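One structure is given below, encoded as structure tokens.
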Amino acid sequence: MRVFNTLTGRKEEFTPGERGLVKIYVCGITPYAPSHIGHARPAVFWDVVRRYLEYVGYTVRAIQNFTDIDDKIIAASASEGLPPLELADKYARQYLNEISELGVKPMQLYPKASEHVGEIITMIETLIAKGHAYEVGGDVYFSVKSFEEYGKLSHRTLEEMKPGARVEINEMKEHPMDFALWKAAKPGEPSWPSPWGNGRPGWHIECSAMSAKYLGLSFDMHGGGTELIFPHHENEIAQSEAFSGVKPMVRYWVHNELVNIRGEKMSKSLGNVITIREMLNKFPARAIRLFLLSAHYRTPLNFSEEGMEAAIRGCERLQTALDNLGAFCRDSKPEPGGSVLEPLEDAYEKAQLTFHESMQDDFNTPGAIAAVFDLVRELNAHQEWLASHPASAANYLDGLARMVSVLGIADDPRKAQGGAGDSALVGELVNLTLELRQKARQEKDWATSDAVRARLGKLGILVEDGPTGTKWKRINPDGGDVRASGATRIHA
RNA sequence: GGCGACAUAGCCAAGCGGUAAGGCAGGGGUCUGCAAAACCCCGAUCCCCGGUUCGAAUCCGGGUGUCGCCUCCA
């Protein structure tokens, strides 16, 4: 498996530090407002990475932090009238609920900065003792000049950073690029006691402290958006490696590109933010995932209604294929010999291969998705054959479902839950209705046949007559959202 | 001003030296009582200009354009 490493600027062969175990730290959010699509991209991407690594046999230990001590939280706290930590907790929970609805499997741990102040203070004390940090008037700063490799992640030198001069002027700092490890408390702000007086941690140190605590001084992958490369991750390396002397702190730095909208960066000031909640209210979670995965994680993704529309259609196509296979599996017709259909078998093997080669090549999800669609086309093309070979249908369904479940963009109909509140009784009633309708069809009583189909449609049951029999599935009566995969065939 | 990324059919998007995956949309067929689903056929020489090479969308140089970072930010 090859992974692009920001540190070296190249794709590298991936090998975990410990055999069979992959340790991942993903930079999470600062919970001070509802999360938007830009937050959903890394959440879904890392979920897929995790699923794939587990799929190929690794044990994954992944954590994602919440920065719950921060200027923005303090500001939002004042305007919302909620204590800072409560406000952060509220939005953190909201975020977790939303990504859960997006099908993201929970990570092992979501550590919060506020709960690791002790570890942070210990780390700062060591940095001071080692001459990498200094205290000035209650603040503690990291000395960038004390870490000769400063800039190695973002590929720039201290000299290159001066010209732009977008550096805050702070008389107290020894070097303009020195950054705060600890900030002296200001009135009204949350603060903790420390050897340097009351105060709070700087932004970057929490990640160094928490990753060290839960993953060790050197771990496999560290993720985050590209905008975090500098200064956040550059500073993390400096702190962690200066603190422990262990290098590298992170073996593979993996950064995702951002989500834009109409070619512009999504930001509150431009007023073009689309929240995860809004997305979930409007589109099926599966389609949101397909959309987010339709571009490689290292290329910017432009949000658009058209893009979502395409993703919705794509998901429907996938689910229809899965549902059909599920219906064929349940077919009780006897298998006429264990024959194999060559073109199908070839397509299946090729799809499997392409899927894995794509995922192994720096998590190329668009390539993996293409492999899935290739297979779906072949499967669809041989529906009649599959309908009379349930064992083969089950076999291909297994394979297709495995691929699709790594991406989380469709369900195995055999495992899917029925529609909310639906019981087996509903299924039986629909089947009964369709059997009666079938009699009408045989008598060419199209008026009755069409009326039944229309009535069922109003109830959210989509009826389709095809060459392999009549199928039905549960849909959302308002939208096209396929809720359950009750595809059952009524034989002609 | 510095650092970096990207530019492929109407839209989205793979490709990493051997003559362009996939999805959506569109057109034409097949199947079908109708509808739907599905299948088949149709579309790009890869921003521009040079260069390297037997051969480049893929490598190098120069343009043009877009975007990101350099300050909080997924």
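Only this structure's heavy atoms are used, side chains among them; waters, hydrogens and symmetry mates stay out. From a predicted model like this one, the values you see are computed outputs, not experimental measurements. A, B, ... follow the sequence lines: proteins, then strands. Residue 1 opens every chain.
Here A:Glu227 lies in heavy-atom contact (under 4.0 Å) with a base. Within 4.0 Å (heavy atoms only), A:Lys72 reaches at least one base atom of the nucleic acid. No contact: A:Ser35 has no heavy atom under 4.0 Å from any strand. Residue-level contact check: A:Gly38 touches the bases, meaning some heavy atom is under 4.0 Å from a base atom. Across all strands shown, A:Gly223 has no heavy atoms under 4.0 Å from either base or sugar-phosphate atoms. Among the atoms of the strands shown, none is found under 4.0 Å from any heavy atom of A:His232. Contacts of A:Val259 with the nucleic acid, taken as non-hydrogen atoms under 4.0 Å apart, include base atoms. Looking at heavy-atom distances under 4.0 Å, A:Asp450 makes contact with a base. Among the protein residues, A:Ser304 comes within range of no part of the nucleic acid, since none of its heavy atoms lies under 4.0 Å from any strand. The residue A:Ile29 sits close only to the backbone: its heavy atoms come under 4.0 Å of sugar-phosphate atoms, none of a base.
Using C1' as the reference atom, B:C47 and B:A74 are 30 Å apart when rounded to the nearest Å. Going from the P atom of B:U64 to that of B:A21 covers 33 Å, rounded to whole Å. Rounded to whole Å, the C1' atom of B:A9 lies 11 Å from the corresponding atom of B:U45. For the P atom pair drawn from B:C70 and B:C11, the interatomic distance equals 31 Å after rounding to whole Å. The P atoms of B:A25 and B:A38 are separated by 10 Å, rounded to the nearest whole Å. Taking atom P in both B:C42 and B:C49, one finds a spacing of 29 Å when rounded to whole Å. For the P atoms, the distance linking B:G43 with B:C54 amounts to 33 Å, nearest Å. Nucleotides B:G15 and B:A44, compared at atom C1', are 14 Å apart to the nearest Å.
For A:Pro366, the side-chain atoms get nearest to B:A14 when compared with the rest of B:G33, B:C72, B:A14. The side chain of A:Arg441 approaches B:C34 more closely than any other nucleotide in the set B:A74, B:C34, B:G22.
Between A:Phe303 and A:Phe291, the distance from one ring center to the other falls under 6.0 angstrom. Between A:Phe14 and A:Tyr252, the ring centre distance stays below 6.0 Å.
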Before giving the answer on salt bridge (charged side-chain N to carboxylate O under 4.0 Å, His left out), spell out for A:Glu316 and A:Arg286 the whole-Å C-alpha distance, their side-chain angles and the decisive distance to 0.1 Å.
CA-CA 9 Å; A:Glu316 285 172 355; A:Arg286 299 288 129 85; over 6 Å; no
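Residue A:Thr226 places no side-chain atom within donor-acceptor reach of the base of B:G4, judged by atom type and a 3.5 Å distance cut-off alone. In this model, a side-chain donor or acceptor of A:Arg453 finds a partner on the base of B:C34 within 3.5 Å. You'll find a donor-acceptor pair under 3.5 Å spanning the side chain of A:Asp465 and the base of B:C34, going by distance alone.
A sub-4.0 Å separation between OP1 or OP2 of B:G15 and a side-chain N or O of A:Asn364 is present. Between A:Asn380 and B:C39 there is a side-chain polar atom (N or O) within less than 4.0 angstrom of OP1 or OP2. For B:A25, the OP1/OP2 oxygens have a side-chain nitrogen or oxygen of A:Arg313 closer than 4.0 Å. For the OP1/OP2 pair of B:A14 and a distance below 4.0 Å, the side-chain nitrogens and oxygens of A:Ser358 include no atom meeting the criterion. The phosphate of B:G22 (OP1 or OP2) has a side-chain N or O of A:Arg377 nearer than 4.0 angstrom. Within the 4.0 Å cut-off from OP1 or OP2 of B:A38, at least one side-chain nitrogen or oxygen of A:Arg317 is found. Look at A:Ser294 and you won't find any side-chain N or O under 4.0 angstrom from OP1 or OP2 of B:C24.
Between the CD1 atom of A:Ile369 and the P atom of B:C24 there is a distance of 12 Å, rounded to whole Å. Following rounding to the nearest Å, A:Leu318 (CG) and B:G23 (C1') show an atom-to-atom distance of 9 Å. Rounded to whole Å, atom C1' of B:C12 lies 15 Å from atom CD1 of A:Ile37. In this entry the distance linking CZ of A:Arg298 with C1' of B:A5 reads 10 Å, nearest Å. As a whole-Å value, the separation of A:Leu292 CG from B:A13 P is 12 Å. In this structure, A:Gln383 places its CD atom 17 Å from P of B:C31, rounding to the nearest Å. One interatomic measurement links the two molecules: CG of A:Leu301 to P of B:C67, which rounds to 16 Å at whole-angstrom precision.
Where A:Val463 and A:Leu290 each meet RNA chain B at their nearest nucleotide, the meeting point lying more 5' is that of A:Leu290. Place A:Asp361 and A:Glu309 on RNA chain B by their nearest nucleotides, and A:Asp361 ends up nearer the 5' end.
Of the N and O atoms on the side chains of A:Thr354 and A:Glu357, not one donor lies less than 3.5 Å from an acceptor on the other residue. A:Glu80 and A:Tyr32 share no side-chain donor-acceptor pair at under 3.5 Å.
Ring planes of A:His232 and A:His204: tilted class, angle from 30 to 60°.
Under the 4.0 Å criterion applied to side-chain N and carboxylate O atoms, A:Arg437 and A:Asp465 are assigned as salt-bridge partners.
Contact check for A:Val144 versus A:His175: side-chain heavy atoms found under the 4.5 Å cut-off.
Look at A:Phe373 and the base of B:G23; the rings do not stack under the cut-offs of 5.5 Å between centres and 30° between planes.
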